[in-house]
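All ligand and atom numbering here is 1-based and tracks the order in the structure.
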Amino acid sequence: MISRKKLISKYIDFFSTKNHKKLVNFPLIPENDPTVLFITAGMQPLVPFLLGQKHPLGKRLCGVQKCIRTGDIESVGDKTHHTFFEMLGNWSLGDYWKKEAIEYSLEFLTKDLQISKEDISVTCFKGDKEVQKDEESSKIWQKLGINKIKFLGKKDNWWGPAGKTGPCGPDTEMFVNGVEIWNDVFMEYEKDTKGKYIQAKQKNVDTGMGVERTIALLNNLDDNYLTEAFLPIIKKIEEISGKKYSSSQEITRTIRIIADHIKAAVFILNDQIVPSNSERGYVLRRLIRRAIRYGQILGIKENFTSKLVNPIIKIYSDYPELLSNKKEIINELEKEENKFRKTLNSGIREFAKMVKSKKKISGKECFLYTNLMDFL
Ligand code: ATP
Ligand code: MG
């Protein structure tokens with residue numbers, strides 16, 4: 001058994017002994033990056049330093065970072081993808097390279113987390129017309145006794161550049177029981193304006209390990225939602241809806257989506273964003289409204305989203321600002337839910353009227369209605 005907090009502290013302690021300095025857990029809203037709405041990975045707040053600016057804490061950094069990936073929203077409902085999750089990471093800003101990075105990863109997995117080598121498999125970049133195969137990484141893995149190595153293309157084992165040009169490179173992903181838990185990215189190249197990959201002036205290492213997936217694995221659970229990062233929220237949804245999490249595939253998925261979306265919403269609210277019709281506020285609004293619509297599938301008719309705030313705050317007691325913002329968070333959820341339920345009810349009334357007044361509803365009307373529901 002290992003708790004979420006214990007995993008985080010083990011990680012930070014391990015990398016501290018390897019002379020890494022600990023970063024703060026940055027807000028979800030990127031400070032100097034207008035290209036993204038939310039922080040999607042631990043490396044995001046480090047962009048200027050990955051590009052060569054000197055970091056005040058030095059060349060070896062580590063930390064845990066809260067992330068939001070709206071791009072994964074379609075996958076939410078499975079066992080391993082969340083909109084909000086925490087990412088552990090260690091970075092080398094032009095300091096150590098592939099050998100040390102892979103050695104550190106394997107040492108942490110096998111010594112500190114006690115995962116046996118036999119259960120670990122990895123993927124490496126297979127090379128293409130533009131960039132050579134990453135034999136360097138695969139040879140390091142083999143030397144360390146990891147022989148389950150797959151080579152994949154750019155879609156799976158390549159990172160960047162973030163824009164059209166800039167740092168990029170191969171990565172090597174670590175899997176345990178078929179689930180990817182950690183990724184070491186090697187920023188080896190720079191893509192230039194002609195689309196050519198040239199050797200980077202500063203070669204960086206950027207790694208990311210998912211907290212939820214790793215604690216599931218370490219506690220022998222094959223579902224992230226059964227870990228302490230979600231279970232109290234799931235229990236609360238069961239209590240409110242009177243439905244059991246494991247009663248059917250559809251209910252399991254529905255409860256997961258509600259838990260995921262409201263957790264993400266709580267963290268977005270915690271970073272001072274409120275529901276609106278544009279950008280971050282719109283993402284927040286969509287998350288809350290989607291959760292409410294899924295709540296309807298469970299038969300929940302009354303306001304419920306704010307009832308999930310307490311279990312969320314309890315899980316994340318290491319984010320004390322959640323507690324100080326609790327009142328505002330609850331207030332915003334209530335406000336948004338009231339507003340949405342009003343719209344929802346009048347939409348349903350309209351639809352009922354339409355059904356009553358006509359013998360048939362055209363495909364177009366039905367389409368418009370379902371779209372309306374989806375975008376509300
Ligand atoms: P996947 O292919 O499983 O979606 P990924 O390749 O998108 O993962 P990375 O971008 O390499 O993942 O992120 C680093 C680590 O963060 C992953 O190894 C995983 O442990 C974790 N992670 C990534 N996306 C999610 C998510 N949506 N929910 C939970 N953990 C995630
Ligand atoms: Mg992904």
I need the atoms of ligand 1 closer than 4.0 Å to a non-hydrogen atom of [X], numbered in the order shown.
X    : answer
N183 : 11 (O)
D72  : 24 (N), 26 (C), 27 (N)
E173 : 6 (O)
M87  : 13 (O), 14 (C), 16 (O)

Spacing of OH belonging to Y104 relative to OH belonging to Y96, to within rounding of 0.5 Å: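 Going from the OH atom of Y104 to the OH atom of Y96 covers 6.5 Å.
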
Heavy atoms from other residues, nucleotides or ligands near NZ of K126 exceed 12 (cutoff 6.0 Å):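 Counting neighbours around NZ of K126, 12 or fewer heavy atoms of other residues, nucleotides or ligands fall under 6.0 Å, so no.
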
same_hphob_cluster(F340, I73) at 4.5 Å side-chain heavy-atom cutoff: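 Yes; tracing contacts between hydrophobic side chains, which count when under 4.5 Å, links both residues.
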
Of the listed options E212, K155, R69, M209, closest to atom 13 (O) of ligand 1 (non-hydrogen atoms):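 Considering heavy atoms of E212, K155, R69, M209, the nearest to atom 13 (O) of ligand 1 sits in R69.
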
Candidate with minimal heavy-atom separation from atom 25 (C) of ligand 1, of F85, F84, F175: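 Going through F85, F84, F175 one by one, F85 has the nearest heavy atom to atom 25 (C) of ligand 1.
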
Proximity to ligand 1 by part of R213, non-hydrogen separation under 4.0 Å: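 The side chain, only.
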
Region of T80 that comes within reach of ligand 1 [heavy atoms, distance under 4.0 Å]: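 T80 to ligand 1: backbone contact only, side chain stays beyond 4.0 Å.
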
Stacked cation flag K133 on F151, 6.0 angstrom / 45 deg: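 Yes, a cation-pi geometry holds between K133 and F151.
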
Pair N90-Y11, side-chain donor/acceptor within less than 3.5 Å: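 Distance-only check passes for N90 and Y11.
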
Donor-acceptor pair, side chain of R280 and main chain of F38, under 3.5 angstrom: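 Flag not set: sc R280 to bb F38 has no pair under 3.5 Å.
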
